[in-house]
There are 2 protein chains.
Amino acid sequence: MPRPTIFDVAKVAGVSIKTVSRVVNREPNVRTSTRERVEEAIAVLKYRPDQSARNLASHRSHLIGLVYDDPAAYDMPSGGYILDMQQGALKGCRSAFSELLIHPCDFRKKNVGIELKELIEETRPAGIIVAAPLSNMPKIVRAIDATGTPCVRLSPGNDLGKKCSVSTNDREVSAEMTRYLAGLGHTRIAFIKGNPDHKAVANRFLGYQDGLKESGLEFSENLVAEGDNSCGSGEACAEKLLKRKKPPTAIFAANDDMAAGALRVANRMKIDVPGQLSLAGFDDIALARQVEPALTTIRQPLVQMAERAALMLTKNNNGDSNGNAHDIIPAVMKIRESTGRAPE
Amino acid sequence: MPRPTIFDVAKVAGVSIKTVSRVVNREPNVRTSTRERVEEAIAVLKYRPDQSARNLASHRSHLIGLVYDDPAAYDMPSGGYILDMQQGALKGCRSAFSELLIHPCDFRKKNVGIELKELIEETRPAGIIVAAPLSNMPKIVRAIDATGTPCVRLSPGNDLGKKCSVSTNDREVSAEMTRYLAGLGHTRIAFIKGNPDHKAVANRFLGYQDGLKESGLEFSENLVAEGDNSCGSGEACAEKLLKRKKPPTAIFAANDDMAAGALRVANRMKIDVPGQLSLAGFDDIALARQVEPALTTIRQPLVQMAERAALMLTKNNNGDSNGNAHDIIPAVMKIRESTGRAPE
DNA sequence: AATCAGTTTGACAGCGTTGTCAAAACGCGC
DNA sequence: GCGCGTTTTGACAACGCTGTCAAACTGATT
């Protein structure tokens, strides 16, 4: 028994297919009595519109694109967070009967903008979710804007045009982590900054400064090093910091990869963690639990963030009067073995 | 400028739309010269078939499902290999103008079979790629079989029905690694087995035994421990092995997570790697490069494997007379810092 | 040169829906 | 009961592709 079509419904309800279409799409100007008759026929036949035919005729799709930088592309792979995003986006799409199109790309390439433009033109998605660091690149955001496709940035702030965004409270939670370290008695708390392209990572540095101030500690440029988010840069930064005449007793790195690098350095220099040095990261990547000692870090609610983003694109019950919304979902601290009381 | 259609391509190539269709769908009986002309036109116009129209006209979808176990679901996350599979599958799908539907699931759940059956019925994919360990579970393979959907297993062997498969030479390359360790002078080479559900991982154990034999070394149950693929189980196994009266001088773990666990134990026990103990893993996960010392391991060609699988499902020029094929793509050894000459 | 089997190509009718536009029905004021 | 604006409905042509089937073209064999 083949699946019923709009014609079958029309025949049963005694109307034209167009009227059925109107009912299905909740268009106005259908008499209530007619609508009810059609709805009954739909129920009786268990009619479900064919998505392909709908898409074809309406020139719309139910595709949501998820665009992210693929660290595997340049061999700096801590891509666990990508799976979280995918999971969240998938969940959001499912609940809205949409499909998810994943698109990993290399944010360092000159022509990512063009690549995305082509992707959008090829697949015509109903919306795009852009993850950091791509979501912080004006070039990228502009390229997507130019196609007119709705877009949600997984990134803090509303600085880049009127786009919607979903982000976490990087700054606040980083301040919290800093206060936590201060609370353990640390007075020389160093910070390893990340790639400045990455807006969220930059906010973590601001949070660090907030936290120092709130704890009555002085900020010093001598306790700051600038990495590029990679494990290797974390090593370099930690070495620099630990070779100071007055080395820090705690290092807070803007991400876990760099914190892991710092841990390697500590191991090499035979500095006990957390006995002599406390170490904290950010992101809660798999590695954070696998190194010895396990890293204290901060977990972003990426699954929920991506789900939220997908929902913002599939329903349009969100956003302010201008049609944009900026959701913030708070992160949580994960205290593990790498942080402890400051040494004497 | 609207998106090019099959008519545009036909006009540029000077053929009928049907011929373009044949080229796009890789149907036989198109003269090579014609095919080339059409392919050029497709490239020039950047033509991409409209999925909705294709699906509508052909009554099937051009969706390829990629089904895999999501380690994040149970917090044992070394999911980097998933991104590789996705990348490969994506590549294969793109070249066949198909779309990729990703479906992470938890292989430990009782009802994964039902979940997959429902997924297939809802989305009607043209084919399914199943990754290990799901691809080794008869329950799962049978559930997919029952839907009649073509399926390629990313897993060794042709034991489970007539399904197609793509795998790597786990056994041979494991033997090679074992011979390499023996070649460094090690005579007591231990092996940490993985989860027995994972067929490929079991093959690595066989390869280890082959390698011992080929190197003239005796196999001993005392040098074997059984883990479950997790980092934690690697620690437990390594502890057990290293506490033996005659501890091994080399440990080959069936995967990198367990090797990383063994490394943690060595660090804790102040055993120098590779001075006193050589350590080798399998998979070349991100972690392998991030630990200190970096792990010697074996890299599976997952990207190519998944791409191959996608192509097997989108073209149908593969397989033997029974319509099944079993491709093997060789893995490569990555010698890093964690292996060295045996101590005196 | 005619025949035949196979290969290669094209014309055209769908596929199930929405968009357009005109026709029909309705409601209201006279 | 008529005219007029508004609401409701339907006929039919897209949408971009594939399936069917017949026509045209091959080349080997008479």
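By convention in this document, chain letters (A, B, ...) are assigned in the order of the sequence lines, proteins followed by strands, and residues within each chain are numbered from 1.
Looking at heavy atoms from C-beta onward, A/R54 lies in side-chain contact with A/N25 at the 4.5 angstrom threshold. Under the 4.5 Å side-chain criterion, counting only non-hydrogen atoms from C-beta, A/C151 is not in contact with A/V141. Two residues are said to be in side-chain contact when any heavy atoms from C-beta on lie closer than 4.5 Å; B/V166 and B/M312 meet this criterion. Looking only at side-chain heavy atoms (C-beta outward), A/V20 and A/V15 come within less than 4.5 Å of each other.
Once rounded to the nearest 0.5 Å, the distance linking CZ of B/R3 with NZ of B/K46 reads 13.5 Å. With rounding to the nearest 0.5 Å, the separation of CD in B/Q87 from CG in B/L302 is 10.5 Å. Atoms OG1 and CG, from B/T5 and B/L45 in turn, are 9.0 Å apart once rounded to the nearest 0.5 Å. With rounding to the nearest 0.5 angstrom, the CD1 atom of B/I102 is 8.0 Å from the CG atom of A/L66.
The interatomic distance linking A/N55 (CG) with C/dT18 (P) rounds to 10 Å, in whole Å. Taking atom CZ on A/F7 and atom C1' on C/dT18, their separation rounds to 12 Å, with Å as the unit. The separation between A/I6 atom CD1 and C/dT17 atom C1' is 6 Å, rounded to whole Å. The distance between atom CZ of A/R3 and atom P of C/dC15, rounded to the nearest whole Å, is 15 Å. When the C1' atom of C/dT18 is taken as reference, atom CG of A/L56 falls 9 Å away, rounded to whole Å.
Not one side-chain nitrogen or oxygen of B/R60 sits closer than 4.0 Å to the OP1 or OP2 atom of C/dC15.
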Tell me, with the steps shown, if B/D84 and B/R299 meet salt bridge (charged side-chain N to carboxylate O under 4.0 Å, His left out). CA-CA 11 Å; B/D84 283 346; B/R299 181 167 188 75; 3.7 Å; yes
When you look at A/L313 and A/I129, which way does the side chain to side chain contact (heavy atoms under 4.5 Å, CB included) test go after all the steps? CA-CA 8 Å; A/L313 289 170; A/I129 304 173; 3.6 Å; yes
Show me the donor-acceptor pairs, under 3.5 Å and distance only, between side chains in residues 31-41 of chain A and residues at least two apart or in other chains.
{"from": "A/R35", "atom 1": "NH2", "to": "A/E27", "atom 2": "O", "distance (Å)": "3.3"}
{"from": "A/R37", "atom 1": "NH1", "to": "A/A13", "atom 2": "O", "distance (Å)": "2.7"}

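The residue A/N25 sits close only to the backbone: its heavy atoms come under 4.0 Å of sugar-phosphate atoms, none of a base.
Comparing B/R22 and A/E27 along DNA chain C, the residue whose closest nucleotide (by nearest heavy atom) sits nearer the 5' end is B/R22.
For DNA chain D, the neighbouring residues in residues 42-51 of chain B, judged by any heavy atom under 4.0 Å, are B/Y47, B/P49, B/D50. Residues from residues 11-19 of chain A with heavy atoms under 4.0 angstrom of DNA chain C, sorted by number: A/I17, A/K18. Within residues 29-41 of chain A, the residues that place at least one heavy atom under 4.0 Å from DNA chain D are, in residue-number order, A/N29, A/V30, A/R31, A/T34.
Looking at B/T149, its side chain never comes within 3.5 Å of a backbone N or O of B/G127 through a donor-acceptor pair.
In summary, contact between chain A and DNA chain D, defined as any nucleotide atom under 4.0 Å from a heavy atom of the protein, begins and ends at D/dT8 to D/dG16 in the 5' to 3' direction.
Looking at residues two or more places apart in sequence or on another chain, you find a side chain to side chain donor-acceptor pair (under 3.5 Å) between A/Q86 and A/Y68, B/Q86.
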